[in-house]
Every structure is written in structure tokens, then in C-alpha cells.
Peer 1: 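Before we start, here is the structure in question, set down as C-alpha cells.
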Amino acid sequence: MEFVLIAIAILVVALILGVSLLVGRGRRTTRLDDDATSGTTLTRPRPPAPPVEQPRPTGATASGLGLQDQPDAVVPEAPPTVELPPAEPEPGLVFDQPAPSAGRLVRLRSRLARSQSSLGRGLLTVLAREKLTEDDWEEVEETLLAADVGVSATTQIVERLRTRSMVLATASGAELRELLVENLTAVLGPDLDRSLGTSRHEGRPGVVLVVGVNGAGKTTTVGKLARVLVGDGKSVILGAADTFRAAAADQLETWGERVGVLTVRGREGGDPAAVAFEAVRTGVEAEVDTVVVDTAGRLHTKSGLMDELGKVKRVVEKQSPVTEVLLVLDATTGQNGVVQARVFTEAVEVTGVVLTKLDGTAKGGIVVRVQQELGIPVKLIGLGEGPDDLAPFEPRVFAEGLVGDA
């Protein structure tokens, strides 16, 4: 009988333990299911419930007034002030800050020293003579022609000076210099529009195509132009569409990196029009002020390459109108540069000329000749090899630099 009671007791205890285990397993499964429906997993524990914020006493002020009605109220403490360290520029991202272009030609006027010795000083020496003979006037003409002023402009200057011949005989050095500056300024076209189409218009950036033959300094001019625009506060994107010349894109990219300007480039030997199109598209999307495209330095004797230049312009204008076409000419090439210019104007509508290498190694009168023979204003001149030696052309300042001091 005792054994039966013991067996019954063991059976009862076993049943109780089995039921408790089943209940416990059911509870863990339910919790995981609940967690799953609420978005939590075993690897992402449920965040703790936010503390219940105690109601703030009404009427509380900085002096503690209004706290007397609720002496046990808990006022939450203000979060501690976090002091961040001062921001420091990232290494390697320090860009050049070019000076504005205004007044740049005045600062670079001394670069015309060699030109003024052959033109300005030569003319002043002849005109200062007490009585001018026909031989003297021929010497004036020879001086102007030697400075590459051109036949037409030389004739205009000599005729104007002849009408003032009586004045020349009694003029002082300063008066003579001013008279010569006025005559040179007049043939330089002071009324020509020399503004650059580099500003946004109707929600689109200004698009500048830079064209010219190899060796004229075209890619360098594009880099210097980017510095001019950045110095004047404009945002710029460069397009390296000169894909036929090795390292042209690398050279342009280096110029852009110096002033923090993006350069869009393609593979070497690729389609120049595609690169130009992508550069302008990027400029439109980025809402920059100006996109400057460096085109291939094609030879002016190859008509097929001239057709390619026209294609670049047409493709670009599917994104945004071209607002400026600048022709880069080497000032030391003289008449050959004028011939090049005429061919380029047949391919695209050139709106302005950039004369490079006009730092004393070239004859200053080429500016007059280019404008009169082409009917296109000189808008920029390069007066040195430095990064900021590209200046907007100002006729009066340029004439003063050629004549020099009395």
C-alpha cells in the first residue's frame, strides 16, 4: 500500500512539472512573435520606452516664481552645451584667390616696354622736331608700319597728325604725348563692345567656345580665363574638348584645380563634340555662371577640322546657346594670324579676339591691325607667362602703355 501511494505521488509531481514547462515554452514563443510583429529582431533589441515627462509648473520663470503651488514638481534639466572644435580646411583643398580683372591692364602696362621703345618713343622723337618735313612724315609712317599697325590705320594716324602739324611745332612733351595717345586710342576702336558673354541668361549659363590653331596658347588662355572669371566672383566649369592633343586635358585640369573649378574631360582621341556637350549639360544642371570649352587646336588649312568646329557649336547649343566665341591669336605671327582668323570666322561666328604673347616680344600695333582687318574687337590680351597675365583690353590704357611717359 505504501508503494502505491509513493508511485501516485511521483506521478502527480511529474505531471505538474510537465505542465509548467509547456506553459513556459508557450510564453517565450509568444514574446518573439510579438516582437516580430512590432518590427524588432533578436539582433536589434527593442529600445527602452521613453520616460514620461513630468508636467512643467505653470507660471515658472527664471527667478523661480510659480513653483510654490507645486513644491514636488520635477523640472527637467537643460541638456549640456556641446562645444565643437573649430573647423579646419581639409589638407590639399586650398585654392588660389585671383584678384578681380578690373584695372589689371593698368598693372601690366609695363609689359609693353619693348613695344613702346619702337613705337611710342620713336614717334615722340620725330614729332618733337621743330619743323616736320616730308622725310619726317615718312619716318612716322615707317615707325607705325614697323610696329605692325597696318597700312589703313597708319594712313589715318598720319592724316590726323598732319592736320595738327601747327600745334606739334609748339607743343610741350606732355602735350605731344597726349596728342599721340588720343590718335592711337581713336584707331583702337574705343566704342567697340568688349564685354564678355559669360553671365547666366534665362536660367542658362554663359557658354564660351575658345578656338585657335595649335601653338597660339589656346589651352593656357582657357585656364587663365577661368582665373579671370573666378576672380570676378563667377562659378565656372571647364570642358576639355581638345581630345586630339596629348596632355591637353591634363593641362586644363591642372589650371582648374588651382582655383577649385571642375573640368569635364573624355578619353584621348574621343569625340570633341561629345565632351563639349557633356560639359555644358553639367553646367546647366549645376547652375553655374559660365562654361568655358577648349576646342581642338585644329590646323586652319584642313577644312574637315573646320567642319568639326561647326559641329561642336551645333551640338553644344542643344543644351544652351553659345554666348561667346573667342579666337586666340599669337601676336608674334603678324599677317599669318590675320589669315588664320579669317578662316575661323568662316567656320563659326567669332565674337572676340584674344591676343597672346603681347609682352614686348610682339609689336603692339597688331591690335589695331587685327581689329581693322577683321572687324572683330580684341577683348583680352596676354602680357606675360604668369597665371594672372591675361587682362581685359582697354584702348586708352593700352595706347598709354605703347606711348610711354613723355
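Keep in mind that this is a model prediction, so the values were computed, not measured.
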Peer 1: Do the side chain of T243 and the main chain of E268 share a donor and acceptor less than 3.5 angstrom apart?
Peer 2: no

Peer 1: Please tell me if the side chains of D294 and W255 come closer than 4.5 Å, counting only heavy atoms from C-beta onward.
Peer 2: no

Peer 1: I'd like to know whether E141 forms a side chain to side chain donor-acceptor pair (under 3.5 Å) with T154, so could you lay out the CA-CA distance, the side-chain angles of the two residues, the decisive distance to 0.1 Å, and finally the verdict.
Peer 2: CA-CA 6 Å; E141 290 181 355; T154 295; over 6 Å; no

Peer 1: Contact between L209 and V348 at the side-chain level, heavy atoms closer than 4.5 Å - yes or no?
Peer 2: no

Peer 1: Around atom CZ of R194, are there more than 12 heavy atoms from other residues, nucleotides or ligands closer than 6.0 Å?
Peer 2: yes

Peer 1: Could you tell me whether E278 and R281 have a side-chain N and a carboxylate O separated by less than 4.0 Å?
Peer 2: yes

Peer 1: Please say whether more than 12 non-hydrogen atoms of neighbouring residues, nucleotides or ligands are located less than 6.0 Å from CD in E285.
Peer 2: yes

Peer 1: Evaluate T133 against D135 for side chain to side chain donor-acceptor pair (under 3.5 Å), listing each step before the verdict.
Peer 2: CA-CA 5 Å; T133 65; D135 292 339; 4.7 Å; no

Peer 1: Looking at R200 and E287, does any basic side-chain N land under 4.0 Å from a carboxylate oxygen?
Peer 2: no

Peer 1: Any side-chain heavy atom of V284 sitting closer than 4.5 Å to one from R204?
Peer 2: yes

Peer 1: Return yes if a side-chain donor-acceptor contact under 3.5 Å exists between T332 and D330, otherwise no.
Peer 2: yes

Peer 1: Thinking salt bridges, do D136 and K131 make one under a 4.0 Å N-O criterion?
Peer 2: no

Peer 1: Could you state the interatomic distance from CZ (R104) to CG (L390), rounded to the nearest 0.5 Å?
Peer 2: 7.0 Å

Peer 1: Considering only heavy atoms from C-beta outward, does the side chain of P272 approach that of K311 to under 4.5 Å?
Peer 2: no

Peer 1: Do V292 and L229 have side chains that get closer than 4.5 Å, going by heavy atoms?
Peer 2: yes

Peer 1: Show your working on side chain to side chain donor-acceptor pair (under 3.5 Å) between K218 and T356 and close with a plain yes or no.
Peer 2: CA-CA 9 Å; K218 179 174 49 57; T356 62; over 6 Å; no

Peer 1: V312 and A276: which non-hydrogen atoms are nearest, and at how many Å?
Peer 2: CG1-CB, 3.9 Å

Peer 1: Mind checking the NZ-CG spacing from K357 to D389? Nearest 0.5 Å is all I need.
Peer 2: 14.0 Å

Peer 1: Could you pull out the closest heavy-atom pair between P98 and V259, with the gap in Å?
Peer 2: CG-CG1, 3.8 Å

Peer 1: Indicate the atoms forming the closest heavy-atom contact of L329 with A341, along with that distance.
Peer 2: CD1-CB, 4.0 Å

Peer 1: CD of E134 to CD of E139: how many Å apart, nearest 0.5 Å?
Peer 2: 13.0 Å

Peer 1: For residues S152 and Q372, report the shortest heavy-atom separation together with the two atoms involved.
Peer 2: OG-OE1, 3.3 Å

Peer 1: Does T143 reach the main-chain N or O of L123 with its side chain, forming a donor-acceptor pair under 3.5 Å?
Peer 2: no

Peer 1: Can you sort out the partners of S101 under side-chain hydrogen bond (donor to acceptor under 3.5 Å, both in side chains), two or more places apart, ordered by chain and number?
Peer 2: D232

Peer 1: Identify the two heavy atoms, one from V368 and one from A153, that lie closest to each other, and give their separation to 0.1 Å.
Peer 2: CG1-CB, 3.2 Å

Peer 1: Go through it in stages, so that I can follow the logic: the residues are T254 and R258, the test is side chain to side chain contact (heavy atoms under 4.5 Å, CB included), and I'd like the CA-CA distance, side-chain angles, deciding distance and then a yes or no.
Peer 2: CA-CA 7 Å; T254 300; R258 293 176 182 174; 4.0 Å; yes

Peer 1: Compute whether any side-chain donor of one residue and acceptor of the other, for S235 and D289, lie under 3.5 angstrom apart.
Peer 2: yes

Peer 1: Using a 4.5 Å cut-off on heavy atoms from C-beta on, say whether the side chain of V158 contacts that of W137.
Peer 2: yes

Peer 1: Can you see which heavy atom on V291 is nearest to which on V288, and at what distance?
Peer 2: CG2-CG2, 4.1 Å

Peer 1: Enter the distance from L144:CG to I157:CD1 here, rounded to the nearest 0.5 Å.
Peer 2: 5.0 Å

Peer 1: If you apply the rule side chain to side chain contact (heavy atoms under 4.5 Å, CB included), what do you find for L309 with F344, and how did you get there?
Peer 2: CA-CA 9 Å; L309 181 59; F344 276 97; 3.8 Å; yes

Peer 1: In terms of side-chain heavy atoms, does E257 have a donor or acceptor partner in T263 at a distance below 3.5 Å?
Peer 2: no

Peer 1: Donor-acceptor pair, distance only, cut-off 3.5 Å: does the side chain of T290 make one with the backbone of V236?
Peer 2: no

Peer 1: So, does T323 use its side chain to make a donor-acceptor pair with the main chain of V207 at under 3.5 Å?
Peer 2: yes

Peer 1: Looking at OG1 of T219 and CG of L238, how far apart are the two atoms once the value is rounded to the nearest 0.5 Å?
Peer 2: 10.5 Å

Peer 1: Just by distance, do the side chain of E324 and the backbone of G197 share a donor-acceptor pair under 3.5 Å?
Peer 2: yes

Peer 1: Check whether any side-chain heavy atom of L358 sits under 4.5 Å from a side-chain heavy atom of V367, and report yes or no.
Peer 2: yes

Peer 1: Under a 4.5 Å cut-off applied to non-hydrogen side-chain atoms, are R396 and E182 in contact?
Peer 2: yes

Peer 1: Hey, are E346 and R342 close enough for a salt bridge, meaning a charged N less than 4.0 Å from a carboxylate O?
Peer 2: no

Peer 1: Are R164 and R160 close enough, and set up right, to give a side chain to side chain contact (heavy atoms under 4.5 Å, CB included), and what steps lead you there?
Peer 2: CA-CA 7 Å; R164 307 290 297 275; R160 290 177 180 178; 6.0 Å; no

Peer 1: What distance separates R177 CZ from L124 CG, expressed to the nearest 0.5 Å?
Peer 2: 8.5 Å

Peer 1: Run the side chain to side chain contact (heavy atoms under 4.5 Å, CB included) test on L355 and F393 for me, step by step, so that the C-alpha distance in whole Å, both residues' side-chain angles and the decisive distance to 0.1 Å come before the verdict.
Peer 2: CA-CA 10 Å; L355 276 176; F393 183 72; over 6 Å; no

Peer 1: Looking only at atom types and distance, does a side-chain atom of E349 sit under 3.5 Å from a main-chain N or O of V325, one as donor and one as acceptor?
Peer 2: no

